[in-house]
Amino acid sequence: MAKIRLFIDHPLAEGQGVELNPDQAHYLSSVMRQAAGDEILVFNGRNGEWLARIERIAKRGGALAALRQTAPQLDPPDLWLVFAPIKKARTDFIVEKAAEMGAARILPVQTDHTNSERIRQDRLQAHAVEAAEQCGGTYVPEVCDLVPLSRLLDGWDAGRRILWADEALAGPAQVLSGLPRGPWAILIGPEGGWSESERRRLSAMDCVTPVALGPRILRADTAAVASLALWQAALGDWR
């Protein structure tokens, strides 16, 4: 079985031809040393995983032919990760792990104490694609552009519950199995913690459930992974 996996934003079906963009062609020909006749795995986030044969390849272009489906489409649970960006490498880590662990959507937010005032949404989306390629997933979560948390909460649908990782509750990690299933979002704060006004607003929202992540205060990137693991084990597709 082919070991190279590539995300292709193109319909996939038996016999379907797929044109490669210059970046994909360069990766396959120059980095992975693939040639015409070699086979790779491809997915588009909608039609599962497919075995594809390289029909032609050059540094700036090429074409594939889809042969057969090798895995069905597996969509993640309806779970969003909402987080305040931190240093570049650690923000990259959060996005990569969220994609690997089954977040359906990733939303960076500007909080009162967020250190980063801007992000490269296109770069973070590329990290989500790479994570899906490497972990065997068939779905790539959307990485949204940075928005103020206050604006996001202004338009929040109360039908989507929020699991709020609150460092002030440091203590035994809470069991989530008694919480209702359905649409959820995990909310991870900045390195500087939550402001008092943010705490008041979140505490006043009926759809928000504060949660402790153990007896130690976790870094933001660690808290994101821990929260995703707790939720997936209790309410998601790890059950």
Side-chain angles (χ1 to χ4, degrees), residues 1-82 92 94-108 119-147 157 159-160 181-185 228 232 236-238:
M1 178 62 70
K3 295 183 178 180
I4 298 173
R5 297 184 83 246
L6 196 63
F7 174 75
I8 301 287
D9 189 12
H10 191 283
L12 292 171
E14 186 175 350
Q16 175 74 56
V18 178
E19 290 292 322
L20 296 170
N21 65 38
D23 289 340
Q24 293 165 338
H26 171 75
Y27 171 73
L28 290 176
S29 65
S30 300
V31 180
M32 302 307 295
R33 304 298 182 185
Q34 298 295 288
D38 289 338
E39 295 179 347
I40 66 171
L41 296 171
V42 297
F43 65 101
N44 62 6
R46 304 181 299 277
N47 304 128
E49 178 189 82
W50 286 73
L51 184 68
R53 182 177 58 243
I54 299 175
E55 298 290 281
R56 55 181 173 82
I57 189 73
K59 290 184 177 180
R60 296 190 178 184
L64 308 174
L67 302 178
R68 58 182 173 84
Q69 190 182 59
T70 53
Q73 178 64 27
L74 178 61
D75 292 333
D78 192 359
L79 175 66
W80 297 357
L81 177 67
V82 182
D92 294 347
I94 290 174
V95 170
E96 290 168 0
K97 299 313 166 189
E100 289 178 24
M101 298 181 72
R105 197 178 186 203
I106 302 171
L107 299 91
I119 62 167
R120 279 281 307 278
Q121 185 272 340
D122 57 339
R123 183 176 57 82
L124 293 179
Q125 187 66 66
H127 280 299
V129 168
E130 291 171 5
E133 289 173 341
Q134 294 171 8
C135 76
T138 56
Y139 179 90
V140 178
E142 175 192 9
V143 181
C144 301
D145 207 353
L146 185 70
V147 298
D157 178 1
R160 179 176 298 276
R181 292 185 172 85
W184 275 86
L228 286 162
Q232 283 283 33
D237 59 10
W238 291 11

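For the single chain, residues carry numbers from 1 onward in sequence order.
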**Q** Who are the side chain to side chain contact (heavy atoms under 4.5 Å, CB included) partners of A99, not counting sequence neighbours?
**A**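 Only A128, A131, P141 meet the side chain to side chain contact (heavy atoms under 4.5 Å, CB included) criterion with A99.
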**Q** Run the side chain to side chain donor-acceptor pair (under 3.5 Å) test against E133 and tell me which residues pass, sequence neighbours left out.
**A**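 E133 satisfies side chain to side chain donor-acceptor pair (under 3.5 Å) with no other residue.
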**Q** Check for a donor-acceptor pair, side chain of Q232 on one end and backbone N or O of P77 on the other, with a separation under 3.5 Å.
**A**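 Judged by distance alone, no pair lies under 3.5 Å.
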**Q** Can you name the side chain to side chain contact (heavy atoms under 4.5 Å, CB included) partners of L74, sequence neighbours left out?
**A**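 Partners of L74 by the side chain to side chain contact (heavy atoms under 4.5 Å, CB included) criterion, ordered by chain and then number, come out as T138.
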**Q** Can you list the residues that meet the ring-ring contact (aromatic ring centres under 6.0 Å, His included) rule with F7, with sequence neighbours excluded?
**A**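 By the ring-ring contact (aromatic ring centres under 6.0 Å, His included) rule, F7 matches F43.
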**Q** Under the salt bridge (Lys or Arg N to Asp or Glu O under 4.0 Å) test, which residues partner E100, sequence neighbours left out?
**A**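 K97.
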**Q** List for me each residue that meets side chain to side chain donor-acceptor pair (under 3.5 Å) alongside Q134, sequence neighbours excluded, and say none if there are none.
**A**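 If we apply the side chain to side chain donor-acceptor pair (under 3.5 Å) test to Q134, skipping adjacent residues, there are no hits.
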**Q** Which residues pass the side chain to side chain donor-acceptor pair (under 3.5 Å) test with Q121, sequence neighbours left out?
**A**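 In terms of side chain to side chain donor-acceptor pair (under 3.5 Å), with neighbours along the sequence ignored, Q121 is linked to no residue.
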**Q** Can you sort out the partners of R60 under side chain to side chain donor-acceptor pair (under 3.5 Å), two or more places apart, ordered by chain and number?
**A**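 R60 satisfies side chain to side chain donor-acceptor pair (under 3.5 Å) with no residue once adjacent residues are dropped.
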**Q** Report all side-chain donor-acceptor pairs from residues 10-19 shorter than 3.5 Å, counting only partners two or more places apart or in another chain.
**A**
residue, atom, partner, partner atom, Å
E19, OE1, R56, NH2, 3.0
E19, OE2, R56, NH2, 3.0

**Q** Check side chain to side chain contact (heavy atoms under 4.5 Å, CB included) between Q34 and all other residues, then give those that pass, not counting sequence neighbours.
**A**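 With sequence neighbours excluded, Q34 shows a side chain to side chain contact (heavy atoms under 4.5 Å, CB included) to I4, L28, M32, D38, I40, I54, given in chain and number order.
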**Q** Residues two or more places apart in sequence or in another chain: which of them pass salt bridge (Lys or Arg N to Asp or Glu O under 4.0 Å) with D145?
**A**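 None.
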**Q** Looking at residues at least two apart in the chain, or sitting in another chain, which of them share a side chain to side chain contact (heavy atoms under 4.5 Å, CB included) with P183?
**A**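 Once residues adjacent in sequence are excluded, the partners of P183 under the side chain to side chain contact (heavy atoms under 4.5 Å, CB included) criterion are D78, R160.
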